[in-house]
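Down below is the structure, laid out as C-alpha coordinates.
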Amino acid sequence: MRAESGNTSRRILCVFPRYTKSFGTFQNSYPLMDGVAAFMPPQGLLVIAAYLPEDWSVRFIDENIRAATPADFEWADAVFVSGMHIQRQQMTDICRRAHDYDLPVAIGGPSVSACPDHYPNFDYLHVGELGDATDQLIARLAHDVTRPPRQIVFTTEDRLDMTLFPIPAYELAECSKYLLGSVQYSSGCPYQCEFCDIPGLYGRNPRLKTPEQIITELDRMVECGVRGSVYFVDDNFIGNRKAALDLLPHLVEWQKRTGFQLQLACEATLNIAKRPEILSLMREAYFCTIFCGIETPDPTALKAMHKDHNMMVPILEGVRTISSYGIEVVSGIILGLDTDTPETGEFLMQFIEQSQIPLLTINLLQALPKTPLWDRLEREGRLVHDDNRESNVDFLLPHDQVVTMWKDCMARAYEPESLLKRYEYQIENAYATRLHPRTPQRASKANIKRGMIMLRNIIWQIGIRGDYKLAFWKFALKRLIRGDIENLLLVMVVAHHLIIYARDASRGQANASNYSIRLREASVPAE
Ligand code: SF4
(Lines give C-alpha, C1' and ligand atoms only; values in the text may rest on other atoms or scores of the structure.)
Protein backbone atom coordinates (compact mmCIF):
# COMPACT_ATOMS: atom_id res chain seq x y z
CA MET A 1 0.00 0.00 0.00
CA ARG A 2 1.19 3.57 -0.76
CA ALA A 3 0.10 7.00 0.41
CA GLU A 4 -1.85 9.42 -1.81
CA SER A 5 0.01 12.41 -3.24
CA GLY A 6 -2.93 14.69 -4.03
CA ASN A 7 -1.41 15.32 -7.50
CA THR A 8 1.81 16.73 -6.12
CA SER A 9 5.37 15.86 -6.94
CA ARG A 10 8.12 15.94 -4.32
CA ARG A 11 11.73 14.82 -4.00
CA ILE A 12 12.44 13.11 -0.70
CA LEU A 13 15.97 12.39 0.44
CA CYS A 14 16.00 9.52 2.96
CA VAL A 15 19.26 9.46 4.93
CA PHE A 16 20.24 6.70 7.33
CA PRO A 17 22.90 7.80 9.84
CA ARG A 18 26.22 6.15 10.48
CA TYR A 19 26.44 3.67 13.32
CA THR A 20 28.89 4.23 16.09
CA LYS A 21 31.27 1.29 15.81
CA SER A 22 29.89 -1.37 18.10
CA PHE A 23 30.02 -5.01 19.02
CA GLY A 24 26.89 -5.73 17.00
CA THR A 25 27.76 -4.03 13.72
CA PHE A 26 30.73 -6.26 12.80
CA GLN A 27 32.78 -3.49 11.16
CA ASN A 28 36.01 -5.44 11.73
CA SER A 29 34.65 -8.17 9.46
CA TYR A 30 34.13 -5.98 6.41
CA PRO A 31 37.79 -5.83 5.26
CA LEU A 32 37.75 -9.65 5.10
CA MET A 33 34.83 -9.65 2.67
CA ASP A 34 34.25 -8.56 -0.91
CA GLY A 35 33.02 -4.98 -0.82
CA VAL A 36 30.83 -5.14 2.31
CA ALA A 37 30.57 -1.68 3.86
CA ALA A 38 27.59 -1.76 6.21
CA PHE A 39 25.63 -4.01 8.50
CA MET A 40 21.95 -4.38 7.47
CA PRO A 41 19.65 -2.37 5.18
CA PRO A 42 17.50 -0.18 7.47
CA GLN A 43 14.01 -1.70 7.34
CA GLY A 44 12.11 1.29 8.74
CA LEU A 45 13.39 3.94 6.35
CA LEU A 46 13.08 1.63 3.34
CA VAL A 47 9.45 0.86 4.27
CA ILE A 48 8.70 4.58 4.54
CA ALA A 49 10.44 5.12 1.18
CA ALA A 50 8.21 2.46 -0.39
CA TYR A 51 5.08 3.95 1.22
CA LEU A 52 5.60 7.46 -0.21
CA PRO A 53 3.25 8.43 -3.06
CA GLU A 54 4.02 6.81 -6.37
CA ASP A 55 4.68 10.06 -8.19
CA TRP A 56 7.15 11.34 -5.57
CA SER A 57 10.85 10.74 -6.25
CA VAL A 58 12.88 9.12 -3.50
CA ARG A 59 16.63 8.93 -3.06
CA PHE A 60 18.04 6.71 -0.28
CA ILE A 61 21.48 7.15 1.22
CA ASP A 62 23.02 5.03 3.95
CA GLU A 63 25.86 7.09 5.40
CA ASN A 64 27.53 3.88 6.50
CA ILE A 65 28.23 3.42 2.78
CA ARG A 66 28.58 7.01 1.58
CA ALA A 67 27.79 10.44 2.96
CA ALA A 68 24.97 12.55 1.54
CA THR A 69 26.58 15.16 -0.72
CA PRO A 70 25.73 18.81 -1.40
CA ALA A 71 24.23 17.60 -4.72
CA ASP A 72 21.86 15.28 -2.81
CA PHE A 73 20.68 18.09 -0.57
CA GLU A 74 20.32 20.47 -3.54
CA TRP A 75 18.18 17.84 -5.31
CA ALA A 76 15.79 17.33 -2.38
CA ASP A 77 12.60 19.10 -1.31
CA ALA A 78 12.67 17.46 2.14
CA VAL A 79 14.85 15.08 4.16
CA PHE A 80 13.74 12.02 6.17
CA VAL A 81 15.99 10.54 8.86
CA SER A 82 15.52 7.50 11.08
CA GLY A 83 17.64 5.67 13.63
CA MET A 84 18.28 4.30 17.10
CA HIS A 85 19.49 5.98 20.29
CA ILE A 86 23.14 5.22 19.51
CA GLN A 87 22.80 7.20 16.26
CA ARG A 88 21.38 10.29 17.96
CA GLN A 89 24.29 12.61 17.36
CA GLN A 90 24.70 11.47 13.77
CA MET A 91 20.97 12.14 13.14
CA THR A 92 21.30 15.62 14.59
CA ASP A 93 24.30 16.17 12.33
CA ILE A 94 22.28 15.22 9.22
CA CYS A 95 19.58 17.67 10.33
CA ARG A 96 22.16 20.45 10.66
CA ARG A 97 23.51 19.78 7.16
CA ALA A 98 20.00 19.71 5.64
CA HIS A 99 19.17 23.00 7.35
CA ASP A 100 22.22 24.55 5.64
CA TYR A 101 20.11 24.07 2.47
CA ASP A 102 16.96 25.32 4.22
CA LEU A 103 15.30 21.92 3.82
CA PRO A 104 12.60 20.67 6.18
CA VAL A 105 13.77 17.57 8.05
CA ALA A 106 11.53 14.83 9.48
CA ILE A 107 12.74 12.21 11.92
CA GLY A 108 11.08 8.87 12.68
CA GLY A 109 12.11 5.52 14.09
CA PRO A 110 12.65 3.97 17.51
CA SER A 111 14.77 6.69 19.12
CA VAL A 112 12.47 9.64 18.47
CA SER A 113 9.44 7.48 19.28
CA ALA A 114 10.82 6.80 22.76
CA CYS A 115 12.47 10.20 23.36
CA PRO A 116 10.92 12.99 21.26
CA ASP A 117 12.55 15.65 23.43
CA HIS A 118 16.02 14.52 22.29
CA TYR A 119 15.37 16.05 18.87
CA PRO A 120 14.49 19.75 19.30
CA ASN A 121 16.09 20.89 16.02
CA PHE A 122 14.03 18.77 13.65
CA ASP A 123 11.09 20.34 11.81
CA TYR A 124 8.84 17.27 11.99
CA LEU A 125 8.82 14.44 14.51
CA HIS A 126 7.17 11.18 13.47
CA VAL A 127 6.42 9.39 16.72
CA GLY A 128 5.34 5.75 16.56
CA GLU A 129 5.03 3.28 13.74
CA LEU A 130 3.82 3.62 10.15
CA GLY A 131 0.22 4.86 10.33
CA ASP A 132 -1.86 8.02 10.52
CA ALA A 133 1.17 10.11 11.57
CA THR A 134 2.88 9.10 8.30
CA ASP A 135 -0.19 10.16 6.28
CA GLN A 136 -0.32 13.50 8.11
CA LEU A 137 3.39 14.13 7.46
CA ILE A 138 2.99 13.29 3.77
CA ALA A 139 -0.13 15.50 3.49
CA ARG A 140 1.76 18.35 5.15
CA LEU A 141 4.69 18.06 2.72
CA ALA A 142 2.30 17.74 -0.23
CA HIS A 143 0.75 21.03 0.87
CA ASP A 144 3.94 22.91 1.77
CA VAL A 145 7.65 22.11 1.65
CA THR A 146 8.91 25.21 3.37
CA ARG A 147 10.26 24.77 6.90
CA PRO A 148 7.55 25.31 9.52
CA PRO A 149 8.15 28.18 12.00
CA ARG A 150 8.21 25.72 14.89
CA GLN A 151 8.47 21.98 15.32
CA ILE A 152 5.40 19.89 14.43
CA VAL A 153 4.87 16.49 16.06
CA PHE A 154 2.83 13.77 14.34
CA THR A 155 1.99 10.81 16.57
CA THR A 156 0.60 7.53 15.26
CA GLU A 157 -2.67 6.68 16.95
CA ASP A 158 -3.83 4.30 14.25
CA ARG A 159 -1.04 1.94 13.08
CA LEU A 160 -1.13 0.59 9.54
CA ASP A 161 -2.02 -3.09 9.56
CA MET A 162 1.21 -4.96 8.83
CA THR A 163 -0.53 -6.94 6.09
CA LEU A 164 -0.76 -3.60 4.22
CA PHE A 165 2.94 -2.74 4.62
CA PRO A 166 4.67 -2.21 1.28
CA ILE A 167 7.78 -4.21 0.42
CA PRO A 168 10.75 -2.16 1.69
CA ALA A 169 12.34 -0.28 -1.22
CA TYR A 170 15.35 -2.60 -1.46
CA GLU A 171 15.87 -1.46 -5.03
CA LEU A 172 17.00 1.94 -3.68
CA ALA A 173 19.68 0.39 -1.46
CA GLU A 174 23.03 -1.07 -2.51
CA CYS A 175 22.07 -4.46 -1.09
CA SER A 176 25.28 -6.25 -2.05
CA LYS A 177 27.23 -3.90 0.23
CA TYR A 178 25.50 -5.18 3.38
CA LEU A 179 26.76 -7.93 5.61
CA LEU A 180 23.22 -9.28 6.10
CA GLY A 181 19.76 -8.83 4.67
CA SER A 182 16.91 -8.16 7.08
CA VAL A 183 13.21 -8.94 7.07
CA GLN A 184 10.39 -8.38 9.57
CA TYR A 185 7.48 -10.77 10.02
CA SER A 186 6.08 -9.56 13.35
CA SER A 187 6.28 -6.63 15.73
CA GLY A 188 5.87 -6.72 19.51
CA CYS A 189 6.39 -9.30 22.25
CA PRO A 190 4.02 -10.83 24.83
CA TYR A 191 6.58 -10.78 27.67
CA GLN A 192 7.52 -7.86 29.89
CA CYS A 193 11.19 -8.13 30.81
CA GLU A 194 11.96 -5.23 33.09
CA PHE A 195 14.72 -3.65 30.98
CA CYS A 196 13.09 -4.02 27.54
CA ASP A 197 11.30 -1.26 25.62
CA ILE A 198 9.71 -3.52 22.99
CA PRO A 199 6.34 -4.16 24.72
CA GLY A 200 6.02 -0.43 25.56
CA LEU A 201 6.86 0.70 22.02
CA TYR A 202 5.31 -2.04 19.89
CA GLY A 203 2.74 -3.75 22.11
CA ARG A 204 2.32 -7.18 23.68
CA ASN A 205 0.12 -8.70 20.99
CA PRO A 206 2.48 -9.39 18.12
CA ARG A 207 1.19 -7.93 14.85
CA LEU A 208 2.00 -9.84 11.71
CA LYS A 209 2.60 -9.75 8.01
CA THR A 210 1.42 -12.65 5.89
CA PRO A 211 3.76 -15.48 4.85
CA GLU A 212 3.17 -14.40 1.23
CA GLN A 213 4.53 -10.92 2.01
CA ILE A 214 7.67 -12.45 3.51
CA ILE A 215 8.24 -14.69 0.50
CA THR A 216 7.81 -11.72 -1.88
CA GLU A 217 10.29 -9.72 0.23
CA LEU A 218 12.84 -12.53 0.18
CA ASP A 219 12.51 -12.82 -3.60
CA ARG A 220 12.97 -9.07 -3.95
CA MET A 221 16.02 -9.10 -1.66
CA VAL A 222 17.71 -11.78 -3.73
CA GLU A 223 16.92 -9.84 -6.93
CA CYS A 224 18.46 -6.74 -5.37
CA GLY A 225 21.71 -8.48 -4.46
CA VAL A 226 21.39 -9.59 -0.81
CA ARG A 227 23.82 -12.48 -0.22
CA GLY A 228 24.82 -14.81 2.56
CA SER A 229 22.27 -14.44 5.35
CA VAL A 230 18.97 -12.83 6.17
CA TYR A 231 18.09 -11.86 9.73
CA PHE A 232 14.49 -11.81 10.95
CA VAL A 233 14.51 -8.62 13.01
CA ASP A 234 11.29 -9.58 14.83
CA ASP A 235 11.63 -8.88 18.54
CA ASN A 236 10.65 -12.45 19.30
CA PHE A 237 10.20 -14.87 16.37
CA ILE A 238 8.00 -17.09 18.55
CA GLY A 239 6.07 -14.23 20.18
CA ASN A 240 3.13 -15.82 18.38
CA ARG A 241 3.95 -19.53 18.05
CA LYS A 242 1.08 -20.30 15.72
CA ALA A 243 2.21 -17.56 13.35
CA ALA A 244 5.75 -18.98 13.34
CA LEU A 245 4.33 -22.39 12.50
CA ASP A 246 2.26 -20.85 9.68
CA LEU A 247 5.31 -19.15 8.17
CA LEU A 248 7.92 -21.88 8.43
CA PRO A 249 6.56 -24.28 5.74
CA HIS A 250 6.57 -21.34 3.30
CA LEU A 251 10.21 -20.66 4.14
CA VAL A 252 11.08 -24.33 3.63
CA GLU A 253 9.42 -24.24 0.19
CA TRP A 254 11.16 -20.97 -0.67
CA GLN A 255 14.56 -22.39 0.25
CA LYS A 256 13.95 -25.46 -1.92
CA ARG A 257 12.80 -23.30 -4.84
CA THR A 258 15.76 -20.92 -4.62
CA GLY A 259 18.47 -23.47 -3.80
CA PHE A 260 19.18 -22.61 -0.13
CA GLN A 261 21.17 -19.52 -1.14
CA LEU A 262 20.60 -17.76 2.15
CA GLN A 263 21.09 -18.85 5.73
CA LEU A 264 18.37 -17.53 8.05
CA ALA A 265 18.72 -16.11 11.56
CA CYS A 266 16.29 -14.68 14.12
CA GLU A 267 15.77 -13.58 17.72
CA ALA A 268 13.64 -15.72 19.99
CA THR A 269 13.12 -16.54 23.63
CA LEU A 270 15.04 -19.51 25.01
CA ASN A 271 11.80 -21.40 25.66
CA ILE A 272 11.86 -22.19 21.92
CA ALA A 273 13.80 -25.24 23.19
CA LYS A 274 10.44 -26.62 24.35
CA ARG A 275 9.05 -26.51 20.80
CA PRO A 276 10.58 -29.35 18.78
CA GLU A 277 7.94 -28.89 16.06
CA ILE A 278 9.16 -25.31 15.49
CA LEU A 279 12.87 -26.18 15.74
CA SER A 280 12.51 -29.03 13.31
CA LEU A 281 10.88 -26.78 10.69
CA MET A 282 13.53 -24.12 11.35
CA ARG A 283 16.22 -26.66 10.57
CA GLU A 284 14.44 -27.51 7.30
CA ALA A 285 14.19 -23.79 6.48
CA TYR A 286 17.96 -23.47 7.02
CA PHE A 287 17.88 -21.32 10.13
CA CYS A 288 21.47 -21.42 11.35
CA THR A 289 21.47 -18.91 14.21
CA ILE A 290 19.10 -17.83 16.97
CA PHE A 291 19.86 -14.86 19.19
CA CYS A 292 18.49 -15.65 22.67
CA GLY A 293 18.47 -13.03 25.38
CA ILE A 294 19.79 -15.35 28.10
CA GLU A 295 20.82 -12.17 30.01
CA THR A 296 22.25 -14.06 33.01
CA PRO A 297 22.66 -17.66 34.12
CA ASP A 298 21.55 -16.60 37.65
CA PRO A 299 17.93 -17.75 38.32
CA THR A 300 17.43 -15.10 41.07
CA ALA A 301 18.40 -12.37 38.62
CA LEU A 302 16.08 -13.77 35.92
CA LYS A 303 13.19 -13.74 38.36
CA ALA A 304 13.98 -10.18 39.46
CA MET A 305 13.94 -8.93 35.83
CA HIS A 306 10.69 -10.81 35.08
CA LYS A 307 12.39 -13.11 32.61
CA ASP A 308 11.16 -16.31 34.25
CA HIS A 309 10.37 -17.75 30.82
CA ASN A 310 14.13 -18.32 30.40
CA MET A 311 13.83 -20.94 33.14
CA MET A 312 11.16 -23.07 31.49
CA VAL A 313 13.98 -25.45 30.66
CA PRO A 314 17.38 -25.44 32.39
CA ILE A 315 19.46 -22.94 30.39
CA LEU A 316 22.29 -25.29 29.39
CA GLU A 317 19.81 -27.96 28.36
CA GLY A 318 17.92 -25.39 26.27
CA VAL A 319 21.11 -24.32 24.48
CA ARG A 320 22.03 -27.96 23.75
CA THR A 321 18.54 -28.73 22.44
CA ILE A 322 18.61 -25.78 20.03
CA SER A 323 22.11 -26.77 18.85
CA SER A 324 20.91 -30.29 18.15
CA TYR A 325 18.81 -28.81 15.33
CA GLY A 326 21.90 -27.34 13.70
CA ILE A 327 21.22 -23.89 15.10
CA GLU A 328 23.94 -21.94 16.89
CA VAL A 329 22.78 -19.97 19.91
CA VAL A 330 24.01 -16.39 20.17
CA SER A 331 23.41 -14.96 23.61
CA GLY A 332 22.75 -11.56 25.11
CA ILE A 333 24.27 -11.08 28.59
CA ILE A 334 23.79 -8.17 31.01
CA LEU A 335 26.21 -7.11 33.73
CA GLY A 336 25.40 -4.53 36.40
CA LEU A 337 22.16 -6.12 37.60
CA ASP A 338 21.03 -5.46 41.16
CA THR A 339 21.57 -9.13 41.94
CA ASP A 340 25.22 -9.08 40.75
CA THR A 341 28.00 -9.77 43.24
CA PRO A 342 31.79 -9.47 42.90
CA GLU A 343 31.75 -13.12 41.72
CA THR A 344 29.31 -12.54 38.84
CA GLY A 345 32.09 -12.22 36.26
CA GLU A 346 33.56 -15.58 37.30
CA PHE A 347 30.12 -17.24 37.10
CA LEU A 348 29.70 -15.81 33.61
CA MET A 349 33.04 -17.25 32.50
CA GLN A 350 31.99 -20.65 33.85
CA PHE A 351 28.72 -20.38 31.95
CA ILE A 352 30.55 -19.58 28.70
CA GLU A 353 32.78 -22.60 29.21
CA GLN A 354 29.85 -24.92 29.98
CA SER A 355 27.56 -23.68 27.22
CA GLN A 356 30.30 -23.39 24.56
CA ILE A 357 28.42 -20.43 23.09
CA PRO A 358 30.97 -18.55 20.97
CA LEU A 359 29.18 -15.24 20.50
CA LEU A 360 27.76 -13.41 23.51
CA THR A 361 26.90 -9.73 23.49
CA ILE A 362 28.00 -8.72 26.98
CA ASN A 363 26.45 -5.37 27.85
CA LEU A 364 26.24 -3.21 30.93
CA LEU A 365 22.68 -2.65 32.10
CA GLN A 366 21.25 0.52 30.55
CA ALA A 367 17.82 1.90 31.47
CA LEU A 368 15.83 2.73 28.36
CA PRO A 369 12.92 5.16 28.48
CA LYS A 370 9.46 3.55 28.42
CA THR A 371 10.59 0.51 30.40
CA PRO A 372 9.60 -0.70 33.89
CA LEU A 373 13.32 -0.55 34.76
CA TRP A 374 13.45 3.17 33.94
CA ASP A 375 10.37 3.82 36.10
CA ARG A 376 11.76 1.83 39.04
CA LEU A 377 15.20 3.43 38.94
CA GLU A 378 13.64 6.87 38.61
CA ARG A 379 11.57 6.18 41.74
CA GLU A 380 14.71 4.99 43.54
CA GLY A 381 16.74 8.01 42.35
CA ARG A 382 19.19 5.73 40.54
CA LEU A 383 19.17 7.20 37.03
CA VAL A 384 22.34 9.09 36.15
CA HIS A 385 22.00 11.52 33.26
CA ASP A 386 25.60 11.84 32.16
CA ASP A 387 26.42 10.94 28.54
CA ASN A 388 30.08 10.46 29.45
CA ARG A 389 29.29 7.55 31.74
CA GLU A 390 29.25 3.92 30.53
CA SER A 391 25.66 3.42 31.77
CA ASN A 392 22.85 5.61 33.05
CA VAL A 393 22.23 3.18 35.94
CA ASP A 394 23.59 3.77 39.44
CA PHE A 395 24.60 0.13 40.05
CA LEU A 396 24.45 -1.38 43.52
CA LEU A 397 28.08 -2.48 43.12
CA PRO A 398 30.57 0.38 42.62
CA HIS A 399 30.46 1.63 38.99
CA ASP A 400 34.19 1.13 38.40
CA GLN A 401 34.04 -2.42 39.73
CA VAL A 402 31.23 -3.29 37.26
CA VAL A 403 33.09 -1.70 34.33
CA THR A 404 36.30 -3.54 35.28
CA MET A 405 34.34 -6.81 35.48
CA TRP A 406 32.93 -6.15 32.00
CA LYS A 407 36.37 -5.43 30.52
CA ASP A 408 37.78 -8.56 32.13
CA CYS A 409 34.94 -10.75 30.80
CA MET A 410 35.33 -9.30 27.30
CA ALA A 411 39.08 -9.93 27.31
CA ARG A 412 38.75 -13.51 28.54
CA ALA A 413 35.69 -14.51 26.50
CA TYR A 414 37.28 -13.37 23.24
CA GLU A 415 40.83 -14.48 23.78
CA PRO A 416 41.50 -15.98 20.30
CA GLU A 417 42.33 -19.53 21.35
CA SER A 418 39.34 -19.99 23.64
CA LEU A 419 36.91 -18.36 21.17
CA LEU A 420 38.10 -20.58 18.30
CA LYS A 421 37.84 -23.63 20.57
CA ARG A 422 34.18 -22.82 21.16
CA TYR A 423 33.66 -22.47 17.42
CA GLU A 424 35.37 -25.82 16.94
CA TYR A 425 32.81 -27.29 19.33
CA GLN A 426 29.97 -25.68 17.37
CA ILE A 427 31.27 -27.05 14.07
CA GLU A 428 31.45 -30.56 15.49
CA ASN A 429 28.11 -30.42 17.27
CA ALA A 430 25.65 -27.80 15.96
CA TYR A 431 26.90 -27.23 12.40
CA ALA A 432 27.33 -30.97 11.78
CA THR A 433 23.60 -31.53 12.26
CA ARG A 434 22.57 -28.82 9.77
CA LEU A 435 21.27 -29.46 6.29
CA HIS A 436 24.12 -29.54 3.81
CA PRO A 437 22.34 -28.51 0.64
CA ARG A 438 24.32 -29.01 -2.57
CA THR A 439 22.58 -26.85 -5.14
CA PRO A 440 23.70 -25.08 -8.32
CA GLN A 441 22.77 -21.73 -6.75
CA ARG A 442 25.14 -22.28 -3.82
CA ALA A 443 27.90 -23.48 -6.12
CA SER A 444 27.46 -20.57 -8.55
CA LYS A 445 30.52 -18.90 -10.11
CA ALA A 446 29.74 -15.70 -8.18
CA ASN A 447 29.67 -17.56 -4.85
CA ILE A 448 32.89 -19.40 -5.57
CA LYS A 449 34.60 -16.15 -6.55
CA ARG A 450 33.30 -14.52 -3.37
CA GLY A 451 34.60 -17.41 -1.27
CA MET A 452 38.03 -17.22 -2.90
CA ILE A 453 38.27 -13.49 -2.23
CA MET A 454 37.33 -14.02 1.42
CA LEU A 455 39.78 -16.90 1.80
CA ARG A 456 42.59 -14.80 0.34
CA ASN A 457 41.74 -11.87 2.64
CA ILE A 458 41.54 -14.10 5.73
CA ILE A 459 44.85 -15.84 5.03
CA TRP A 460 46.63 -12.59 4.21
CA GLN A 461 45.18 -10.38 6.95
CA ILE A 462 44.98 -12.94 9.78
CA GLY A 463 47.17 -15.89 8.82
CA ILE A 464 50.15 -13.86 7.55
CA ARG A 465 49.89 -10.33 8.87
CA GLY A 466 47.73 -10.94 11.94
CA ASP A 467 48.83 -11.12 15.56
CA TYR A 468 46.99 -14.29 16.57
CA LYS A 469 48.47 -16.46 13.83
CA LEU A 470 49.07 -19.49 16.02
CA ALA A 471 45.47 -19.80 17.21
CA PHE A 472 44.25 -19.10 13.68
CA TRP A 473 46.36 -21.75 11.97
CA LYS A 474 45.53 -24.33 14.64
CA PHE A 475 41.87 -23.79 13.78
CA ALA A 476 42.29 -23.22 10.03
CA LEU A 477 44.52 -26.20 9.23
CA LYS A 478 41.90 -28.65 10.51
CA ARG A 479 39.31 -27.03 8.29
CA LEU A 480 41.58 -26.92 5.24
CA ILE A 481 42.62 -30.58 5.64
CA ARG A 482 38.94 -31.57 5.70
CA GLY A 483 38.10 -29.31 2.78
CA ASP A 484 35.71 -27.43 5.04
CA ILE A 485 36.25 -23.98 3.52
CA GLU A 486 32.70 -22.80 4.15
CA ASN A 487 32.92 -23.10 7.93
CA LEU A 488 36.40 -21.61 7.94
CA LEU A 489 35.06 -18.50 6.20
CA LEU A 490 31.84 -18.29 8.22
CA VAL A 491 33.66 -18.56 11.54
CA MET A 492 36.64 -16.32 10.84
CA VAL A 493 34.58 -13.44 9.47
CA VAL A 494 32.70 -13.28 12.78
CA ALA A 495 35.50 -14.35 15.13
CA HIS A 496 37.93 -11.75 13.80
CA HIS A 497 35.49 -8.94 14.60
CA LEU A 498 34.91 -10.29 18.12
CA ILE A 499 38.62 -10.61 18.86
CA ILE A 500 39.46 -7.10 17.66
CA TYR A 501 36.43 -5.51 19.30
CA ALA A 502 37.07 -7.24 22.63
CA ARG A 503 40.66 -5.98 22.65
CA ASP A 504 39.38 -2.42 22.20
CA ALA A 505 36.82 -3.04 24.93
CA SER A 506 39.31 -4.35 27.45
CA ARG A 507 41.50 -1.28 26.78
CA GLY A 508 38.51 0.98 27.45
CA GLN A 509 38.13 1.97 23.80
CA ALA A 510 34.60 0.65 23.25
CA ASN A 511 31.20 1.28 24.77
CA ALA A 512 30.17 -1.07 27.56
CA SER A 513 26.53 -0.83 26.50
CA ASN A 514 25.24 -1.14 22.96
CA TYR A 515 22.46 1.19 23.99
CA SER A 516 24.72 3.83 25.44
CA ILE A 517 24.67 7.17 23.71
CA ARG A 518 28.24 7.72 24.79
CA LEU A 519 29.61 8.15 21.30
CA ARG A 520 33.33 7.93 20.95
CA GLU A 521 33.41 9.31 17.42
CA ALA A 522 30.19 11.22 17.30
CA SER A 523 31.97 14.50 16.95
CA VAL A 524 33.22 13.38 13.54
CA PRO A 525 30.47 14.29 11.09
CA ALA A 526 29.87 12.20 7.99
CA GLU A 527 31.47 14.79 5.75
S1 SF4 B 1 11.36 -11.58 25.61
FE2 SF4 B 1 12.85 -10.26 24.56
S3 SF4 B 1 11.62 -8.85 23.27
FE4 SF4 B 1 10.24 -9.83 24.77
S5 SF4 B 1 10.11 -8.35 26.45
FE6 SF4 B 1 11.74 -9.84 26.97
S7 SF4 B 1 13.67 -8.95 26.19
FE8 SF4 B 1 11.94 -7.83 25.24
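Basis for what follows: all heavy atoms, side chains included, without hydrogens, waters or symmetry-related copies. We count ligands from 1, going down the list as the structure has it; atoms in each ligand are counted the same way.
- Note: Phe16 and Tyr19 have perpendicular aromatic rings, judged against thresholds of 30 and 60 degrees for the angle between ring planes.
- Taking Asp504 as the reference, Arg507 meet the salt bridge (charged side-chain N to carboxylate O under 4.0 Å, His left out) condition, with sequence neighbours excluded.
- Residues meeting the ring pair (Phe, Tyr, Trp, His ring centres under 6.0 Å) test with Trp254, sequence neighbours left out: none.
- A side-chain donor-acceptor contact under 3.5 Å links Gln90 and Thr20.
- The residues Arg18 and Glu63 are annotated as not salt-bridged, no charged nitrogen and carboxylate oxygen being separated by less than 4.0 angstrom.
- Applying the ring pair (Phe, Tyr, Trp, His ring centres under 6.0 Å) test to Phe260 and every residue at least two apart in sequence or in another chain returns Tyr286.
- At a cut-off of 2.8 Å, measuring from atom 6 (Fe) of ligand 1, the protein N, O or S atoms that fall short of it are Cys193 SG, waters left aside.
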